[in-house]
Amino acid sequence: MKKLLGIVVLGLLLSSNANAASDEKCSKRSSIASTEFSAKQIYWGCKQMNKQRVKCGIRSANAQTEFSAKQIYWGCKQMDKLRVKCGIKSQRAKSDFSAKKTYWSCRRS
């Protein structure tokens, strides 16, 4: 019985170390993001081993505003090339207002 308990405890210790490494890896990957939204998508995609979520989070990582990051991310997830293209055009805007203005003028053309 003591042997079995020792094996279970050892297994728990090893699994907690694996999760700590995973947290560190996912935190490091999400640190490239400029916005909180992109960082969360990269981090949770990494934790859940969801490659598409990580890929789309990384595509939106350079956006300066939350609005642009969300447009790029959701366009990537939905495979909407126009939404991604217009989100990328608006990603250098300094404010949400100018990002939205650039994004919607791109969508109309």
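If you're wondering where the values come from, they're calculated on a predicted model, not measured in any experiment.
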J.: Which value, rounded to the nearest 0.5 Å, describes the distance between Trp104 atom CH2 and Ser109 atom OG?
T.: 12.5 Å

J.: Taking the side chain as everything from C-beta on, heavy atoms only, tell me whether Tyr103 gets closer than 4.5 Å to Lys100.
T.: no

J.: Going by heavy atoms in the side chains, are Ser38 and Ser34 under 4.5 Å from each other?
T.: no

J.: Of all the heavy-atom pairs spanning Ala69 and Thr35, show the shortest one and how long it is.
T.: CB-OG1, 3.5 Å

J.: Using a 6.0 Å cut-off, check whether atom CD of Gln48 has over 12 heavy atoms from anything other than its own residue.
T.: yes

J.: Test side-chain contact (heavy atoms from CB on, under 4.5 Å) on Lys47 and Ser22; report intermediate values, then the result.
T.: CA-CA 7 Å; Lys47 289 290 285 179; Ser22 179; 4.3 Å; yes

J.: Should Ser30 and Lys40 count as side-chain neighbours, where that means a heavy-atom distance under 4.5 Å?
T.: no

J.: Would you call Arg107 and Arg83 a side-chain contact if the rule is heavy atoms closer than 4.5 Å?
T.: yes

J.: What I'd like to find out is whether the side chain of Ile32 reaches to under 4.5 Å of the side chain of Ile42, using heavy atoms alone.
T.: yes

J.: With rounding to the nearest 0.5 angstrom, report the CG to SG distance, Asp80 to Cys86.
T.: 8.5 Å

J.: Thr65 and Ala99: which non-hydrogen atoms are nearest, and at how many Å?
T.: OG1-CB, 3.6 Å

J.: Are Asp23 and Arg29 ion-paired here, with the side-chain N under 4.0 Å from a carboxylate O?
T.: no

J.: For the residue pair Phe37 and Tyr73, categorise the inter-ring angle as parallel (less than 30°), tilted (30 to 60°) or perpendicular (more than 60°).
T.: perpendicular

J.: Is atom CZ of Arg59 surrounded by more than 12 heavy atoms (other residues, nucleotides or ligands) closer than 6.0 Å?
T.: no

J.: Could you tell me if the side chain of Val54 sits less than 4.5 Å from the side chain of Ile58, heavy atoms only?
T.: yes

J.: Decide yes or no for Arg92 and Gln64: does some side-chain heavy atom of the first lie under 4.5 Å from some side-chain heavy atom of the second?
T.: yes

J.: To check you understand the geometry: which heavy-atom pair defines the closest contact between Asn50 and Lys77, and what is its length?
T.: ND2-NZ, 4.4 Å

J.: Pick one: which of Lys28, Lys25, Lys51 meets side-chain contact (heavy atoms from CB on, under 4.5 Å) with Cys46?
T.: Lys25

J.: I need the minimum non-hydrogen distance between Lys89 and Cys106, along with the two atoms involved.
T.: CD-SG, 3.9 Å

